[in-house]
Amino acid sequence: MSIPENNSDFVPVASEIAREAGALLMGYFRQRVKVEYKGEVDLVTVADRQSEALILERIRARWPNHDVIGEEGARVESGSDYRWYVDPLDGTTNFAHAFPVFCVSLALEHKGQRIAGVIYDPTRDELFAAEQGSGAYLNGEKIRVSTIANLAECLVATGFPSHKRHQNPNIFFYHQITLRTHGVRRAGSAALDLCCVACGRFDAFWEFNLNPWDTAAGVLIVEEAGGRVSDFKGGPFRIDSRETLASNGLVHQALLAEFDAIFKGRGMEELPSPVEYVKSRGK
Ligand code: IPD
Ligand code: CA
Ligand code: CA
């Protein structure tokens, strides 16, 4: 593996950029900005676009030869060994409804390997950061995944993609895993969900159909905090993977076994029927 040049400033500079973008988001958040639609239920706001423009400008100024892929359309594709994945506002639906769970996510790949990741939550002033091989940090303090080894004692998280929201079977996973753990949270920012696994607030997180800008930084942060990230069969997580399962490592196998059973339709707890519920209410 070739050593990336001048890598010592990636995390500090990306942190500054993420903080600046986060401050911009907070300005719009306080004003309750107008929502536009990219798809039927896929929201976008002026804040997403302004944040991406700022981040792109800052990356280009500092690293003019790096490639950039941003969710809102930023594309610099020159064949550079370095590529940034930018989610200028992860949690747009929350943001648009004044629910304070959203963040900025920046990740850097070198020759396809994730080498730096920064996620900034401006509502709590929490900056999560990791550099490959150097651990993961929250506001400068080292973080570790949780030590819970029993799935029944876990608090886990998932998400439902805003577009194509009915194109995956996650509601079945939500139901089964809820019954086998302390609970499943669905907070609406995949990048922050991954950070919560990294610092032990959640013991695991899974989601179908995430995009590289949702996962790239958070996956590195989880791994550097001692956790494990894979697809739903236990295979290595890849940036173009449509399956993300992150955990503290200790409950990974148990979750993979649950997923395997759910995919095979085995041992499923039946979803209570609303029709039967109404009938019994009438008695
Ligand atoms: C979304 C959030 C959400 C997840 C969706 C993502 P966006 O990103 O991460 O938690 O469930 O799949 O698309 O659109 O707010 O950047
Ligand atoms: Ca996102
Ligand atoms: Ca986004």
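Whatever order the structure lists ligands and atoms in, that order sets their numbers, starting from 1. Below, all heavy atoms of this structure are taken into account, side chains as well, without hydrogens, waters or symmetry copies. Note that this is a predicted model, so its numbers are computed, not measured.
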* Would you confirm whether Glu224, through its side chain, and Gly135, through its main-chain N or O, come within 3.5 Å as a donor-acceptor pair? => yes
* Asked: Between Ser51 (side chain) and Pro88 (backbone), is there a donor-acceptor pair under 3.5 Å?
  -> yes
Could you tell me which atoms of ligand 1, counted from 1 in the order shown, lie closer than 4.0 angstrom to a heavy atom of [X]?
| X | answer |
| --- | --- |
| Glu207 | 4 (C), 5 (C), 11 (O), 12 (O) |
| Phe160 | 11 (O) |
| Asp90 | 1 (C), 2 (C), 7 (P), 8 (O), 9 (O), 15 (O), 16 (O) |
| Leu210 | 12 (O) |
| Gly91 | 7 (P), 15 (O), 16 (O) |
| Ser189 | 9 (O), 10 (O) |
| Asp87 | 16 (O) |
| Asp214 | 8 (O) |

Cut-off 3.5 Å, side chains only: do [X] and [Y] have a donor facing an acceptor?
| X | Y | result |
| --- | --- | --- |
| Asp125 | Tyr120 | yes |
| Asp203 | Ser146 | yes |
| Asn170 | Thr158 | yes |
| Thr92 | Asp48 | yes |
| Tyr85 | Arg83 | yes |
| Asn65 | Ser80 | no |

* Asked: Among Leu108, Ile55, Val86, Leu106, which residue meets the side chain to side chain contact (heavy atoms under 4.5 Å, CB included) test with Val68?
  -> Val86
Are any of the N/O atoms on [X], whether in the backbone or the side chain, positioned under 3.5 angstrom from an N/O atom of ligand 1?
| X | answer |
| --- | --- |
| Ala190 | yes |
| Asp193 | no |
| Gly188 | yes |
| Arg186 | no |

* **Vertex the Ca ion (ligand 2), arms to Asp214 OD1 and Asp90 OD1, rounded to 10°** => 110°
* Non-hydrogen atoms of Leu89 versus ligand 1: any pair closer than 4.0 Å? -> yes
* **Spacing of Ile17 atom CD1 and Arg58 atom CZ [to the nearest 0.5 Å]** => 7.5 Å
* How about Trp213: does one of its N, O or S atoms come closer than 3.0 Å to the Ca ion (ligand 3)? -> no
* Minimum-distance N/O/S atom that Asp87 presents toward the Ca ion (ligand 2) -> OD2
* Atom name of the N, O or S atom in Glu71 that lies nearest to the Ca ion (ligand 3) -> OE1
* Candidate list Tyr174, Phe259, Phe173, test ring-ring contact (aromatic ring centres under 6.0 Å, His included), partner Phe208, passing option -> Phe173
